[in-house]
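In what follows, a structure is listed as structure tokens, so that the remarks can point back to it.
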Amino acid sequence: MASTGNTGGPNNRVTAMLLLPTTLWFFLLLVMPLVVIAVYSLGERAPAGGYQPALTLAQYGNLLARLKAFTNTLTLAPLGTVLCLLIAYPLAYYLAVKAGRGAKPFLLTLVIIPFWTSFLIRTYAWIYILGGRGIPRLLEMIGIEDVRLIYTPTAVLIGIVYGYLPLMVLPIYVSLEKLDKSLLEAASDLGASPIRTFFQVTLPLSAPGLVTGSLLVFILLMGEYLIPALLGGGKVFFVGNALVDLFLQSRNWPFGSAVAIALVGIMLAAVALYLTLVGRDRDRQNVSVL
Amino acid sequence: MVETINGTVDVEFHGVTKRYGDILAVDDMDLEVSSGSFVSLLGPSGCGKTTSLRLIAGFEQPNAGDVRIGGASVVGVPPHKRPVNMVFQNYSLFPHFTVAENIGFGLRQLKPRPSKTEITARVGEMLELVRLQGFEKRRTWELSGGQQQRVALARALINRPTVLLLDEPLAALDRKLRQDMQIELQTLQRDVGITFVLVTHDQEEALSMSDTIYLMDEGRIIQMGGARDLYDEPINRYVADFVGKSNFFDGEIAEADTSGAVIRLASGRVLRGRNPRGVESLNRNAAGVIAIRPELIHIEKANGSASLTTDVETTARIKNRIFLGDQTEYLVEAEGFGNILVLASKHAESVSGGFSPGDFVNVGWKESSALALEDTSKGGRPTAVPVPKIG
Ligand SMILES: Nc1ncnc2c1ncn2[C@@H]1O[C@H](COP(=O)(O)OP(=O)(O)O)[C@@H](O)[C@H]1O
Ligand SMILES: [Mg+2]
């Protein structure tokens, strides 16, 4: 129990000391850069590039110039998240519920194995697989001609699903693993068919893992840079790619900062909207079951 | 439902066997549960009770034999299509539903689905039946163990199953609540008129609640009958040992016929006992045992004058005394017998004045109180017992 005054002194001091690294970390690495970026976004580009102090909203007024990056991110990130979810759920379900005790550790290792190699190298591999000498060549052999994959939104989506699937599988797996399997038997015993058992018991009880996985993947995807850079080849680019361009190529730091702040704002709004929807949906479910 | 000479039968096992790999969980089991009865499967942990229930519920399929519900074979029928419901050992209440939603779950699965008003009304009736009115909006994890159990009962009863299955339903409750719930379960069973099949490792629970008890061991039924049958007429040492307390005097079967047997103890003493199996006599020269319930042994002060109205008598010395309130338990040591457990009623104590450790006493019993039994603990498996029809 936290106490006030001198009585709790030593205790409070210990708590404060324990929290100090986290607090420092939080301020130095999260709040400070955000403040710097926010300040930059109100400034002007110095003639030779970089930042020049000013107090203007001009950079924000210019955001539409990068509309394509935003629309790409805002379509492909949610779409990628949904695709990951649809593929990850059955996989996680199989791992947690159906897989035999012997096979489970092995299969889980398979899910994690890709992390043993650099993400960059693995994504490079996809350039080859999706490129002219990869899948399109194979399709040609069975008579399907002129399929173009690399540098398309499809290629980016494939890369996204490939790269982010484990991040979606693991939280869902954990929540399904924790699920008391006798609840499924109870539902079945009370007359629920397997499909009804899934929608009435399994799905609601694995919702925490589902929400965690979706948020994790979605938030990371909003800032994704590597996959569109390699598999989108400058044609399908995200806000992350625009930022690299603005900061490193055109050295327009204030505009880059405005784009970054806008991205953070959109992300916060999207996450808040998602969480309210999930929350409301649960409330409605609870009312409607009776 | 099938009509038999004895009325309708709800659940039947015919030679049911269930294996898990090398483990024989249920071994060639026969079972017949008559409609409206309260049946217990009793036995030590791991003897296959839960597996038997799961075979009835449909969570397991037999490797051999036939499971019938209401006369029709249900082998291969999934649980959600069987007219039985189960109260799970840990209750398995849905944590994301309220009490009312849990209880109404079964109704919501019906086709066609009853109207909301009907569901609310039926849930209300069930809440009343298990005395949980006012709890409908509660979360199940906010309830005490006893309340959770009542929710599980209501949830399993709402669809009026042909048979209600209960897996150690009272094991998680404390002693006082357990005794209250025993009475409550019995009353409930009579009120709703639904067949109950209860699994328990607690012989007291089985004896006090059920009409018929199936005593199991290693996946087999050893003896079935009413509480009195199992307690007074155990067919072998295993039953006499598992149901209640018994004194056992080991020896060799010297003489045997259908009415009884004579057993020679290692000390040379020869004891006669009744044969509870009646029709079949014990095997001569096999290992046998004389079993006597501690409350059937008479105990009195050793004053030289043999006043006991018993057939077998011996002098003994009190080793230990345990005061149980309504009774007193003495452990006495007798020449040629070893330790003997004696239960003296309050009434007997008031006459004799009680004894203290070190006192010399006379103990004895009537030959009609002693049972001559096969010694299953030495001879391996008990011989199979034909299961009589429930009458
Ligand atoms: N799913 C299972 N897999 C393997 N063995 C099992 C399984 N279920 C039960 N058993 C084994 O079958 C035997 C009977 O178990 P069970 O029916 O649960 O006994 P009880 O309920 O009488 O304690 C035990 O030896 C147990 O270890
Ligand atoms: Mg069990």
Side-chain angles (χ1 to χ4, degrees), chain A residues 89 92-93 96-104 171-172 174-214 275 277-290, chain B residues 50 53-54 56-60 78-111 113-124 136-137 139-140 151-152 154-159 161 164-165 167:
Chain A
Y89 200 97
Y93 184 87
V97 182
K98 300 279 181 199
R101 238 174 258 160
K104 199 181 274 187
I172 299 178
V174 169
S175 68
L176 283 170
E177 174 69 31
K178 270 193 307 189
L179 180 101
D180 179 359
K181 305 302 177 296
S182 76
L183 293 177
L184 308 184
E185 291 189 338
S188 163
D189 184 63
L190 292 163
S193 64
I195 291 174
R196 301 204 50 150
T197 300
F198 177 78
F199 284 107
Q200 293 178 98
V201 181
T202 315
L203 193 58
L205 288 177
S206 60
L210 210 138
V211 172
T212 309
S214 306
L275 287 179
L277 283 181
V278 168
R280 191 183 305 155
D281 195 47
R282 267 199 216 158
D283 287 344
R284 204 186 50 223
Q285 246 184 11
N286 286 344
V287 177
S288 73
V289 272
L290 249 187
Chain B
T50 297
L53 270 203
R54 294 173 59 82
I56 302 175
F59 300 128
E60 308 289 350
H80 67 278
K81 293 189 176 152
R82 296 192 182 197
V84 299
N85 286 131
M86 183 140 155
V87 175
F88 288 78
Q89 189 158 6
N90 55 1
Y91 313 140
S92 295
L93 300 177
F94 302 118
H96 58 307
F97 288 149
T98 62
V99 166
E101 288 161 2
N102 262 282
I103 295 176
F105 189 91
L107 284 182
R108 297 201 301 276
Q109 313 311 317
L110 294 179
K111 284 176 203 161
R113 181 172 156 159
S115 68
K116 277 184 190 180
T117 42
E118 191 184 340
I119 293 180
T120 313
R122 298 256 314 258
V123 168
E136 22 301 71
K137 293 272 181 302
R139 291 286 165 166
T140 54
V151 175
R155 186 181 71 171
L157 282 170
I158 198 160
N159 279 359
L164 183 74
L165 308 171
D167 192 358

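In what follows, chains carry the letters A, B, and so on, assigned in the order in which the sequence lines appear, proteins first and then strands, with residues in each chain numbered from 1.
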Step-by-step side chain to side chain contact (heavy atoms under 4.5 Å, CB included) determination, A:D189 to B:L165: CA-CA 11 Å; A:D189 184 63; B:L165 308 171; 5.5 Å; no

Side chain to side chain contact (heavy atoms under 4.5 Å, CB included) evaluation trace for B:F94 with A:L205: CA-CA 9 Å; B:F94 302 118; A:L205 288 177; 5.7 Å; no

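Of the listed residues (B:G106, B:G58, B:S92), the one with the most heavy-atom contacts under 4.5 Å to chain A is B:S92. The candidate with the highest count of non-hydrogen atom pairs below 4.5 Å against chain A, out of B:P161, B:A156, B:P95, is B:P95.
Considering B:K81, B:H80, B:Q109, B:R82 in turn, B:H80 is the only one that fulfils the side chain to side chain contact (heavy atoms under 4.5 Å, CB included) rule with A:S188.
Note that the CD1 atom of B:I103 and the CG atom of A:L190 stand 11.5 Å from one another [nearest 0.5 Å]. Taking CG of A:L183 as the start and CZ of B:F97 as the end, the distance is 10.5 Å to the nearest 0.5 Å. Summarising the geometry, atom CZ belonging to B:R108 is positioned 6.0 Å from atom CD belonging to A:Q200; distances are rounded to the nearest 0.5 Å.
Only the backbone of B:L93 comes within contact range of chain A, with at least one heavy atom under 4.5 Å from a heavy atom of that chain. Both the backbone and the side chain of B:R155 come within contact range of chain A, with heavy atoms under 4.5 Å apart. Of the two parts of B:N159, only the side chain, counted from C-beta on, holds a non-hydrogen atom closer than 4.5 Å to a non-hydrogen atom of chain A.
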